[in-house]
Participant: 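Below you'll find the structure I mean.
Please read all numbers here as calculations on a predicted model, not as lab measurements. Below, read A as the first sequence line, B as the second, and so on, with proteins coming before strands; counting in each chain starts at 1. In what follows, every heavy atom counts, from backbone to side chain, and hydrogens, waters and symmetry copies are set aside.
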Amino acid sequence: MDARYNPQEIEPKWQGHWQSIGLDRTPSLTVDPQQPSKKFYALSMFPYPSGKLHMGHVRNYSITDVIARFKRMNGYAVLHPMGWDAFGLPAENAAIDRGVPPAQWTYQNIAQMRDQLQRLGFSYDWQREVTTCSPDYYHWTQWIFLQFWQAGLAYQQEAAVNWDPIDQTVLANEQVDSEGRSWRSGAKVEKRLLKQWFLKITAYAEQLLQDLDRLQGWPERVRIMQENWIGKSTGARVLFSSESGVGIPVFTTRPDTLWGATFLVISPEHPLVEKLTSPEQAAAVQAYQQAAASKNELDRTAEDREKTGVWTGQYAINPVNSQPIPIWIADYVLMGYGTGSIMAVPAHDQRDFEFAQKFGLPIQPVVFPADQAVEASEPLQAPYTGAGVLRHSGPLDGLPVAEAKIKVIDYLEQQGIGSAQITYRLRDWLISRQRYWGCPIPVIHCANCGLVPVPESDLPVILPENVALTGRGASPLAQLEEWRQVACPHCGQTAQRETDTMDTFIDSSWYFLRFSDARNPQQVFDSLQANGWLPVDQYVGGIEHAILHLLYSRFFTKVLRDRGLLQVDEPFLRLLTQGMVQGLTYVNPNKTGKDKWIPAHLVKPEDPRDPQTGEPLEACYATMSKSKGNGVDPEDVLRHYGADTARMFILFKAPPEKDLEWDDADVEGQFRFLHRVWRSVYEFIEQPGWAERWQVAQQGLTNLASQGSLTAAERDLRRAVHVAIQEVTEDIEVGYLFNTAISELMKLNNAMSDSGLVTSPVYAEAVLTLVKLLAPFAPHMAEELWSQLGEAGSIHQQTWPQVDAAALVADRITIVVQINGKTRGTFEAPAQITDAEQEELAKASEIAQKHLAEATIRKVIVVSKKLVNFVIA
RNA sequence: GGGCGAGUGGCGAAAUUGGUAGACGCACCGCACUCAAAAUGCGGCGGGAAACCAUGUCGGUUCGAGUCCGACCUUGCCCACCA
């Protein structure tokens, strides 16, 4: 055995070996429902193939890989796959900028990144690799779209898109900068109405909300984010009539305040605006509508929420008290939520209050604090939104708010002017993109038959490759006449293919299902396989996907369940959101924007100054990025230290959910630790007779230990071994605490080198244990040591060590002595001490003697085998 | 504005479910080895001479609080005119 640890030599060797023996292949599941396999599905969010891994990837995949390897050693059938979220805009941009076809660019990137993943030693089953831009994958994406169509969950409707008036093209949101300008032409982006495809996720709003309660293995904040995103509101729909005879429905969460509604506000985009406008106000209303239309979201927020609006010139009738109330138009009412029109109750709503104040509209309080006997005569300074009792409210007078809310619904229903209603913030999912590099929507537009889905037997609709991408003009597929024209599957007449492609979020909303049966050419997946492997037992990824990706995946799972394809309700049982990887950078406090970041390599750490201006800089950690120049390339770490060090460092440096500060010195420290482990084993093998002791350790030392033939020092070392097993196991299993798990490995290694017992069988047991416990974290080194120890098989197929409870028991324990709760000292005692003996020994101890000499003991608290606290006067 | 979370040495962080605060590591200091350095090994390392003081601040509960309760300060993230 080489005295030196040489990762550059051993890592490629084992990677090649593992590949040749198919070590990481997924075992098949027994599908007998009486005896289900102990299965575990470990999944990292698959990457976009940008061409290069970054440290965030390394962190994500290291976490999942440890879990996968740990589960395998614990006897689970593990599915641990990897794939590529390969459709998307960057490939198209590369084509526009450099003339490389998107497919070529994408597949080259995939090849590079796959190679990197393999060199990092992640135990993926590459036979199940999926690539979303490959026809054998998007075939089934299209098939799933047809399932949605058949379920009535896919539909077309006009919607606003970003339109670049210079390049005459539709832009994705990412192609519009923060000032609302096109990334290419710099033109101010306009809104344009186009027919767009939607998926009816709102039909599942209630289920998606309810089932969040079941996801106890998810971080609470992710559940809350989803809950807020779905945004359920309970209230009532009330129908107001107007002078012109048009009915105006409003949604309110405060139907109890209906008697305080003193005006109505409708959204500028509301279809009723024209009918509700008087001729003399028409010009003003149209001007306001145009102003609202030209505003983007930025303009709206930039105005600091100063209310704007215009009167229509007409009145509505408050249906409960027949009062005429003016109808206004204002952009603080959103067309996309509720009914696009509201009843304004300025006395009890902040926004309505501001609006009423600005335009001098009446304010009628109807809720008062319960203890307020007399109404204030001065006008309200602020809306009252708290609890209270109703007044001036007809049949609701005297009722508290909560009761009034219930009672008013009955009243509205009796009068035929309203009913209870639930509203969600969640909108239907706009999935069409006027882009090339995406999954074609399998629909044909026929002049005779209308919308005709492509028959399943004609799938996949292949994305053509001979496309000129310029970033200008109509949607790329629309320009391909020969591709577009197709015979209608119904009537045979010439018809047109849909030229929109799907949002790439669709591709990633079901990839975890395909992994269960990735190579199936006949079906989207075999139900037995999917039901056997799903749900994903552990999903790991970034918090940036907390809302959309996870919500869409949940939606897809439920729809496919309702189509009879799946039996699972939720795709991801446990979720871990890992923190960012941050790099050292410097900030010039006198500069703003991008210029303020000064990359660390331009700065002398002992005297950080701006290389251009000489101004002093502040050091800080920030998420690694090109613009900050603070990225660390995984390749460099691989070259210098190897994959095992990179993995160990990234797992040790911080708990997985927290942000991690990259520090080269700490990487070095991790490398040193692996060296020390290497030497612990090396020294063991250097001793004559080690092979016999190794055999003894393999048999287990339980008998030897129970015969009492171990020395005190040996029992101490053995305790350290079994404490390590217990702690590492618990840390991985219970709380993803890889940082403390690795610190336990360090403690064990320290205990071994401090013990001086290298020729004891206990040391052999320690070596055996250390190498096994290390295997999920540093798989190459563990494998190399395993082979150096004369073992033929792979360590990754060994069973995880078991704790010998007897070995954990210490001979002597430390008891703390406190006086009035303050620790004054400790003493050693036999482990089997009784409480009474413990108290006696504490009283007799030097520390106690010193402090108790002239005091009266009022009380003694004894915590078994831990401490004795004397409460003295 | 609403929601959630976090404040512990020079630094990253630990702390069994209220019981020795700072495990493990980084940095630093000293020693050994070396002509010297690197590497490695050994030792030290919250503050204070000590009594003691220390987990953002101030109170509370308790024999005992980093941990529980209340108020405040600082800070991070998510959603933000959602009726």
Participant: Ignoring hydrogens and angles, are the base of B:rC26 and the side chain of A:Asp666 linked by a donor-acceptor pair under 3.5 Å?
Facilitator: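 No such pair is found, so the answer is no.
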Participant: Strictly by Watson-Crick or wobble contacts shorter than 3.5 Å, is anything paired with B:rG48, and which nucleotide is it?
Facilitator: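 Here B:rG48 is not engaged in any pair, so there is no nucleotide opposite it.
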Participant: Determine the contact category for A:Arg672: base if any of its heavy atoms lies under 4.0 Å from a base atom, sugar-phosphate if only primed atoms, P, OP1 or OP2 are that close, otherwise nothing.
Facilitator: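 Sugar-phosphate, backbone atoms only, no base.
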Participant: Heavy-atom nearest nucleotide on RNA chain B for A:Ile224 versus A:Met746: which residue maps closer to 5'?
Facilitator: A:Ile224
Participant: For the pair A:Lys232 and A:Glu206, find out whether any cationic side-chain nitrogen is under 4.0 Å from an anionic carboxylate oxygen.
Facilitator: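 Salt bridge present between A:Lys232 and A:Glu206.
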Participant: Heavy atoms from C-beta onward define the side chain here; which of B:rA13, B:rG12, B:rA83 lies closest to that of A:Leu334?
Facilitator: B:rA83
Participant: Say we look at B:rU57 and B:rG66: how far apart would their C1' atoms be, to the nearest angstrom?
Facilitator: 15 Å
Participant: OP1 or OP2 of B:rC24 versus the side-chain N and O atoms of A:Asn749: is any pair under 4.0 Å?
Facilitator: no
Participant: Contact class for A:Arg676 (heavy atom, under 4.0 Å): base, sugar-phosphate, or nothing?
Facilitator: sugar-phosphate
Participant: Could one point to a donor on the side chain of A:Glu220 or the base of B:rG5 with an acceptor on the other under 3.5 Å away?
Facilitator: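 By the distance-only test, no, there is no pair.
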Participant: Under a 3.5 Å limit for both distances, which nucleotide forms a Watson-Crick or G-U wobble pair with B:rC42, could you say?
Facilitator: B:rG30
Participant: Please tell me if A:Thr339 has a side-chain N or O lying less than 4.0 Å from either OP1 or OP2 of B:rA83.
Facilitator: no
Participant: Please classify the nucleic acid contact of A:Thr814 as base, sugar-phosphate, or nothing, using heavy-atom distances under 4.0 Å.
Facilitator: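 Since a base atom lies under 4.0 Å of A:Thr814, the category is base.
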Participant: Phosphate oxygens OP1/OP2 of B:rG2: is one of them under 4.0 Å from a side-chain N or O of A:Arg425?
Facilitator: no
Participant: For B:rC68, what is the paired nucleotide under Watson-Crick or G-U wobble rules, both distances under 3.5 Å?
Facilitator: B:rG60
Participant: Would you tell me if any nitrogen or oxygen in the side chain of A:Asn739 comes within less than 4.0 Å of OP1 or OP2 on B:rA14?
Facilitator: yes
Participant: Kindly assign one of parallel, tilted or perpendicular to the pair A:Tyr641 and A:Phe671, based on the angle between their ring planes and the thresholds 30° and 60°.
Facilitator: perpendicular
